[in-house]
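As a basis for the values below, the full set of heavy atoms in this structure was taken, side chains included, without hydrogen atoms, waters or symmetry mates. This chain uses plain numbering: 1 for the first residue, then up along the sequence.
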Amino acid sequence: QVQLVESGGGLVQAGDSLRLSCAASGLTFSTHTMGWFRQAPGREREFVAVINRSGGVTNSADSVKGRFTISRDNTKNTVYLQMNSLKPEDTAVYYCAADRSFLTHIIPSAYDYWGQGTQVTVSS
């Protein structure tokens, strides 16, 4: 059974940093593209960042470029999202997702497995 478990969310002030982690089990982690998405109340789930199987290719949304960094450790079956210079508009539930494809998709429907999400709240 595939499980993706996010952690590291919380309540912070604008300008602070957080690092989210997503631990994967029940799948061959190194053969999956990994993505981070977020969903704010009343809004659709949106792409944040993606990393390919080896970690050599990444992409991120324009809204987080220069502030958020995705990385992975295939020896630990874990993907990370380092979030710096957080803004109130970053407030959302953050989800990690796994995609069996080698492509770095940015649409949620392309992903095969999802975590339960972790809340990030940024106060002004």
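Residues Trp114 and Trp36 fall into different hydrophobic clusters, defined by Ile, Leu, Val, Met, Phe, Trp and Tyr side chains chained together at heavy-atom separations under 4.5 Å. Side-chain heavy atoms closer than 4.5 Å link hydrophobic residues (I, L, V, M, F, W, Y) into clusters, and following such links, possibly through other members, connects Met34 to Met83. Both Leu18 and Val48 sit in one connected hydrophobic cluster of ILVMFWY residues. Membership requires side-chain heavy atoms under 4.5 Å apart, directly or through other members. With hydrophobic clusters built from ILVMFWY side chains whose heavy atoms lie under 4.5 angstrom apart, Val64 does not share a cluster with Phe47. Hydrophobic cluster membership is shared by Ile51 and Tyr94, with clusters built from Ile, Leu, Val, Met, Phe, Trp and Tyr side chains linked at under 4.5 angstrom.
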In residues 96-104, what donor-acceptor pairs under 3.5 Å come from side-chain atoms, sequence neighbours left out?
unit_1 : atom_1 : unit_2 : atom_2 : d
Asp99  : OD1    : Ser101 : N      : 2.9
Asp99  : OD2    : His105 : ND1    : 2.7
Arg100 : NH1    : Tyr113 : OH     : 3.2
Arg100 : NH2    : Asp112 : OD1    : 3.3
Ser101 : OG     : Leu103 : N      : 2.8

Can you give the donor-acceptor pairs under 3.5 Å from side chains of residues 117-124 to other protein atoms, not counting sequence neighbours?
unit_1 : atom_1 : unit_2 : atom_2 : d
Thr118 : OG1    : Gly9   : N      : 3.3
Gln119 : NE2    : Ala92  : O      : 3.4
Gln119 : NE2    : Thr121 : OG1    : 3.3
Ser123 : OG     : Val12  : O      : 3.3

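Contact detail for Phe29 and Val79: the closest heavy-atom pair is CZ-N, 3.9 Å. When all heavy atoms of Lys65 and Asn59 are compared, the pair lying nearest together is NZ-OD1, 3.7 Å. Closest heavy-atom contact between Val5 and Gln116: CA-OE1, 3.8 Å.
For Glu46, the salt bridge (charged side-chain N to carboxylate O under 4.0 Å, His left out) test picks out Arg38, with sequence neighbours left out. In terms of the side chain to side chain contact (heavy atoms under 4.5 Å, CB included) criterion, residue partners of Ser30 (sequence neighbours excluded) are, by chain and number, Thr28, Asn74. Residues satisfying the ring-ring contact (aromatic ring centres under 6.0 Å, His included) criterion with Tyr111, sequence neighbours excluded, are Phe37.
Annotation: side chain of Val93 is not in contact with side chain of Arg45 (no heavy-atom distance under 4.5 Å).
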Quick one, Ser17 with Asn84, criterion side-chain hydrogen bond (donor to acceptor under 3.5 Å, both in side chains). Give me CA distance, side-chain angles, the key distance, then yes/no.
CA-CA 4 Å; Ser17 298; Asn84 299 329; 2.9 Å; yes
Quick one: do Ser60 and Phe68 satisfy side-chain contact (heavy atoms from CB on, under 4.5 Å)? Show the steps, please.
CA-CA 8 Å; Ser60 58; Phe68 291 11; 5.9 Å; no
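Residue pairs meeting the salt bridge (charged side-chain N to carboxylate O under 4.0 Å, His left out) criterion with at least one member in residues 16-29: none, sequence neighbours excluded.
A donor-acceptor pair is defined here as one N or O able to donate and one able to accept, closer than 3.5 Å; no such pair exists between the side chain of Lys87 and the backbone of Gly15. At distances below 3.5 Å, not a single donor-acceptor pair connects side-chain atoms of Asn77 with backbone N or O atoms of Ala23. Side chain of Arg72 to backbone of Thr78: no donor-acceptor contact under 3.5 angstrom is found.
Atom-to-atom distance recorded for Leu81:CG and Cys22:SG is 10.5 Å, nearest 0.5 angstrom. For the atom pair CD (Gln82) and CG (Leu20), the distance works out to 9.0 Å, reported to the nearest 0.5 Å.
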